[in-house]
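In what follows, a single structure is set out as structure tokens and then discussed.
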Amino acid sequence: MIGIIAEFDVKKESIDAFLAEVKPLVAASNAEEGCIAYGLHKAQGSENLYTMIEEWKDQPAIDEHNRSPHLTEIGPKLKILLNQNIKVTLYDKVL
């Protein structure tokens, strides 16, 4: 299993638009065959810091997700809603 953490620093005035864009992405991603979990989380004590926490079966599942229209089409839309680029880190499950 591979975990992915994607961090979003959303412009305060763009939070509603960000959530509206991400909601269908979460639903479509959770429906993918290789997806174990895919959810958006908001940092406690922060108005605009969000994190997508993902778990995928394997690298081919991630590759398929990365080619999916629901992911490729959202990138440019999110870019204008964020203060900085998305920070993405991949993790291998240890325990």
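Fair warning: this is a prediction, and the values are worked out from it, not measured in the lab. Just the heavy atoms: all of them, side chains too, but no hydrogens, waters or symmetry mates, feed the values below.
Atom OG of Ser14 sits about 7.5 Å away from atom CD1 of Ile80, to the nearest 0.5 Å. Rounded to the nearest 0.5 Å, atoms CG (Leu19) and CG (Leu81) are 10.0 Å apart. In this structure, the separation between CG on Asn48 and CD on Glu13 is 9.5 Å, given to the nearest 0.5 Å.
In terms of the side chain to side chain contact (heavy atoms under 4.5 Å, CB included) criterion, residue partners of Glu47 (sequence neighbours excluded) are, by chain and number, Lys12, Ile15. Annotation: side-chain hydrogen bond (donor to acceptor under 3.5 Å, both in side chains) contacts of Asn85 (sequence neighbours excluded): none. Glu73 is linked by a side-chain hydrogen bond (donor to acceptor under 3.5 Å, both in side chains) to nothing, counting only residues two or more places apart in sequence or in another chain. Annotation: ring-ring contact (aromatic ring centres under 6.0 Å, His included) contacts of Phe18 (sequence neighbours excluded): Phe8, Tyr50.
Each of Val22, Ile4, Ile5 was compared with Met52 under the side-chain contact (heavy atoms from CB on, under 4.5 Å) criterion, and only Val22 meets it.
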Please report, to 0.1 Å, the donor-acceptor pairs under 3.5 Å made by any side chain of residues 31-42, with sequence neighbours excluded.
unit_1	atom_1	unit_2	atom_2	d
Glu32	OE2	His65	ND1	2.7
Glu32	OE2	His70	NE2	2.8
Lys42	NZ	Ser46	O	2.4

Side-chain donor-acceptor pairs under 3.5 Å in residues 54-62, sequence neighbours left out?
unit_1	atom_1	unit_2	atom_2	d
Glu54	OE1	Trp56	NE1	2.8
Asp58	OD1	Ala61	N	3.0
Gln59	NE2	Asp63	OD1	2.8

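Two residues are said to be in side-chain contact when any heavy atoms from C-beta on lie closer than 4.5 Å; Leu82 and Val10 meet this criterion.
Ile74 approaches Glu21 most closely through the heavy-atom pair CD1-O, 3.3 Å.
Linking Ile, Leu, Val, Met, Phe, Trp and Tyr residues whenever their side-chain heavy atoms come within less than 4.5 Å places Val88 and Leu78 in a single cluster.
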